[in-house]
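Each remark here refers to the structure printed beneath this line.
A note on names: the letters A, B, ... follow the listed sequences, proteins ahead of strands, and every chain is numbered from 1.
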2 protein chains.
Amino acid sequence: MARSRSLKPGRPAYQQIADELRASIRSGELGDGDRLPSETELIETFGVARMTVRAALQVLQHEGLAVAEHGRGVFVRHRRPFRRRSVQRLSRAQWGSGRAMWEADTAEDRTVSATIEVTRERAADDIADRLRVPPGTDVVVRRRLHSVDGQPLQLSAAHLPAEIAVGTPIAEPDTGPGGTYARLEELGYPLEGFVEEVQARMPSPDEARLLALPTGVPVITIVRVAHTSDRPVEVNEIVVNSDLYVLEYQIRP
Amino acid sequence: MARSRSLKPGRPAYQQIADELRASIRSGELGDGDRLPSETELIETFGVARMTVRAALQVLQHEGLAVAEHGRGVFVRHRRPFRRRSVQRLSRAQWGSGRAMWEADTAEDRTVSATIEVTRERAADDIADRLRVPPGTDVVVRRRLHSVDGQPLQLSAAHLPAEIAVGTPIAEPDTGPGGTYARLEELGYPLEGFVEEVQARMPSPDEARLLALPTGVPVITIVRVAHTSDRPVEVNEIVVNSDLYVLEYQIRP
DNA sequence: GAGTGGTCTAGACCACCAC
DNA sequence: TGGTGGTCTAGACCACTCG
């Protein structure tokens, strides 16, 4: 970043400053983890007020290109999607093998952890709808926060009709080898398939906190419905840190 | 929003104001499309400076909850994912039928349009990698911007080895009934399957402009690889407006 | 013209970090 | 202790929308 740069009229100053910094990042002049010029430096370089350079830095943060660290500086953000979920994770071989399904694509040397809370509730309308049960029907809800190496990755809330789950390991925090899906098969609910609906949006403040999301990182939401041949048996609402995930799907024509 | 509300110390004022407005939106007190209190009103209500209420309003905009319209006000944003892409759109029945594949899930009464540009380029490293050809190999690139009812929905850039595509309708703007995939089959490349890698991130300024994305709306990126039994034949990089899409995937165990 | 949001200034005080 | 970013003020002028 050269000394004393001039700004052209017509385009807002903060956007021009953001443009220059963005170009430096895209070109590689500023690499992953590098510190951007400080606010003081930018004020001197461009001859503008502090709030103006702050606006420019905010733009980059909301684009997910930079993160501010209080007392240290603003840094180029580095993406590192170290996990990927593949279709195979929902194969019977996977959860039939006794491995926890969600560990399917976790490398062996990673530390996987989860907090879990199991409750019994009345189903919200959208959940009841997807489970094809009357609104307000009792459901068992398994809420989890999954982390790998201490980094929170995803929130999930699995809903199953209470009629199916109560009195079984599915209503316990630890469902045992193979998890919920293995238990469902044992209970006489052979799974025929899954449907996942995928969307993306910005996180709520709560989600940002729980997933330790920096500014400018969206979440991917997945609603997965597990079916037997004649009825849906589980609706899982999943919210994942989009920075750490690549979802992979295979499709046959 | 009651008159003259007090702010508690400890939490920044702009966040408390954002909290109150967010709660009004979540509770339904402020519904889709409703106007939020103006900056002037918020200044009077909370007794703070203008930049403070603007910071609060920016928070909501970056969360995707509100949009500002210059000269009119700040409004509750309404999500309307009016399209959904399903697995069936990649079924042979779909593109074998002569319908353009991407129209699979478009309602009949919508106006679908696309701009297209076909070029011949040397493959970038990641594309070459996925096509399993040497870096710099010639590829035909079909870049499109799809819109429905004038609303831009997605950008796509389909890359095919020039060796396969040149001299065929695939290298023409109009590929004919059934599109690229129908032509590939006719040319002796029967498709065995597709793999899609899905991620989400904030858009670049260019993407935000082309897709007419408001502040706080991420994009979903899809990299789709189409395979024959022995080689990948197309890599399609897709960027979609996450506000208008629900991706649907079916998985069999 | 009145009301709205968009940009910008020139200060202030504070909280956090590193040395 | 000096440098960093975080919050906040009290103004200013501008651009857009609508009646």
Side-chain angles (χ1 to χ4, degrees), chain A residues 1 5-21 30 33-63 65-77 205 208-209 212 214-216, chain B residues 1 5-21 30 33-63 65-77 205 208-209 212 214-216:
Chain A
M1 191 60 49
R5 324 231 354 161
S6 60
L7 298 168
K8 299 176 180 62
R11 184 166 170 79
Y14 78 95
Q15 287 190 31
Q16 293 187 53
I17 297 170
D19 290 344
E20 289 223 10
L21 294 170
L30 288 169
D34 284 356
R35 214 200 74 184
L36 273 61
S38 72
E39 295 180 355
T40 310
E41 289 170 325
L42 291 171
I43 289 166
E44 288 167 358
T45 303
F46 292 97
V48 295
R50 183 164 174 230
M51 290 305 279
T52 303
V53 307
R54 279 187 63 78
L57 292 169
Q58 297 263 52
V59 167
L60 300 177
Q61 291 173 57
H62 285 118
E63 286 175 5
L65 294 179
V67 281
E69 296 185 29
H70 196 170
R72 302 218 315 125
V74 180
F75 299 84
V76 179
R77 203 164 70 77
R209 184 173 41 79
T215 304
Chain B
M1 192 61 47
R5 325 240 344 170
S6 61
L7 298 169
K8 299 176 180 62
R11 184 165 170 77
Y14 77 94
Q15 288 189 30
Q16 294 187 52
I17 297 170
D19 290 345
E20 289 223 13
L21 294 170
L30 287 169
D34 284 357
R35 214 201 73 183
L36 273 60
S38 72
E39 296 180 354
T40 310
E41 289 170 326
L42 291 171
I43 288 166
E44 289 166 358
T45 303
F46 292 96
V48 295
R50 181 164 176 230
M51 289 306 277
T52 303
V53 307
R54 279 186 64 77
L57 292 169
Q58 296 263 53
V59 168
L60 300 177
Q61 290 173 58
H62 285 117
E63 286 175 4
L65 294 179
V67 281
E69 296 184 30
H70 196 172
R72 303 219 315 125
V74 180
F75 299 84
V76 179
R77 204 164 69 78
R209 183 173 41 79
T215 303

Problem - Minimum side-chain heavy-atom gap B:L57-B:L42 below 4.5 Å - result: yes
Handout entry: Nucleic acid contacts of residues 48-61 of chain A, taken as heavy-atom distances under 4.0 Å to DNA chain D
Key = A:R50, A:M51, A:R54
Problem - Closest non-hydrogen atom pair, B:L30 against B:R35 - result: CD2-O, 3.9 Å
Practice task
Please round to the nearest 0.5 Å and tell me the distance separating atom CG of B:L36 and atom CD of B:Q61.
Solution key: 9.0 Å
Exercise for the section: Using heavy atoms and a sub-4.0 Å distance, could you list which residues of residues 65-73 of chain A are near DNA chain C? By number, please. Expected result: A:H70, A:G71, A:R72
Handout entry: Heavy-atom pair of closest approach, residues B:I43 and B:V48
Key = CG2-O, 3.3 Å
Side-chain atoms of residues 12-19 of chain A: list all donor-acceptor pairs with protein atoms under 3.5 Å, sequence neighbours left out, distances to 0.1 Å.
from, atom 1, to, atom 2, distance (Å)
A:Q15, OE1, A:R11, NH1, 3.0
A:Q15, OE1, A:R11, NH2, 3.1
A:Q16, OE1, A:K8, N, 3.0
A:Q16, NE2, A:K8, O, 2.5
A:Q16, NE2, A:R11, O, 2.7
A:D19, OD1, A:R11, NH2, 3.3
A:D19, OD1, A:R22, NH1, 2.9
A:D19, OD2, A:R11, NE, 2.7
A:D19, OD2, A:R11, NH2, 3.1

Exercise for the section: Show your working on side-chain contact (heavy atoms from CB on, under 4.5 Å) between B:F46 and B:V53 and close with a plain yes or no. Expected result: CA-CA 9 Å; B:F46 292 96; B:V53 307; 5.6 Å; no
Exercise for the section: Give, ordered by number, those residues of residues 6-16 of chain B having at least one heavy-atom distance below 4.0 Å to an atom of DNA chain D; if nothing qualifies, reply none. Expected result: B:P12, B:A13, B:Y14, B:Q15
Practice task
Specify the separation, in whole Å, of atom CG of A:L36 and atom C1' of D:dG3.
Solution key: 16 Å
Completion exercise
Span of DNA chain C engaged by chain A, first through last nucleotide within the 4.0 Å heavy-atom cut-off, is C:dT7 to C:dA18
Problem - Partner set under side-chain contact (heavy atoms from CB on, under 4.5 Å) for A:R54, not counting sequence neighbours - result: A:E39, A:R50, A:M51
Exercise for the section: Ignoring backbone atoms, test whether A:S38 places a side-chain nitrogen or oxygen under 4.0 Å from the OP1 or OP2 oxygen of D:dT4. Expected result: yes
Practice task
Quick one: pull up OG1 in A:T215 and CG in A:L60 and give me the separation to the nearest 0.5 Å.
Solution key: 12.0 Å
Problem - Residue pairs passing the salt bridge (Lys or Arg N to Asp or Glu O under 4.0 Å) test where at least one lies in residues 65-76 of chain A, sequence neighbours excluded - result: A:E69-A:R72
Problem - Sub-4.5 Å side-chain heavy-atom contact between A:L21 and A:P37 - result: yes
Practice task
Would you please enumerate the stems DNA chain C participates in, each stem being three or more consecutive Watson-Crick or G-U wobble pairs with both distances under 3.5 Å?
Solution key: C:1-18 with D:1-18
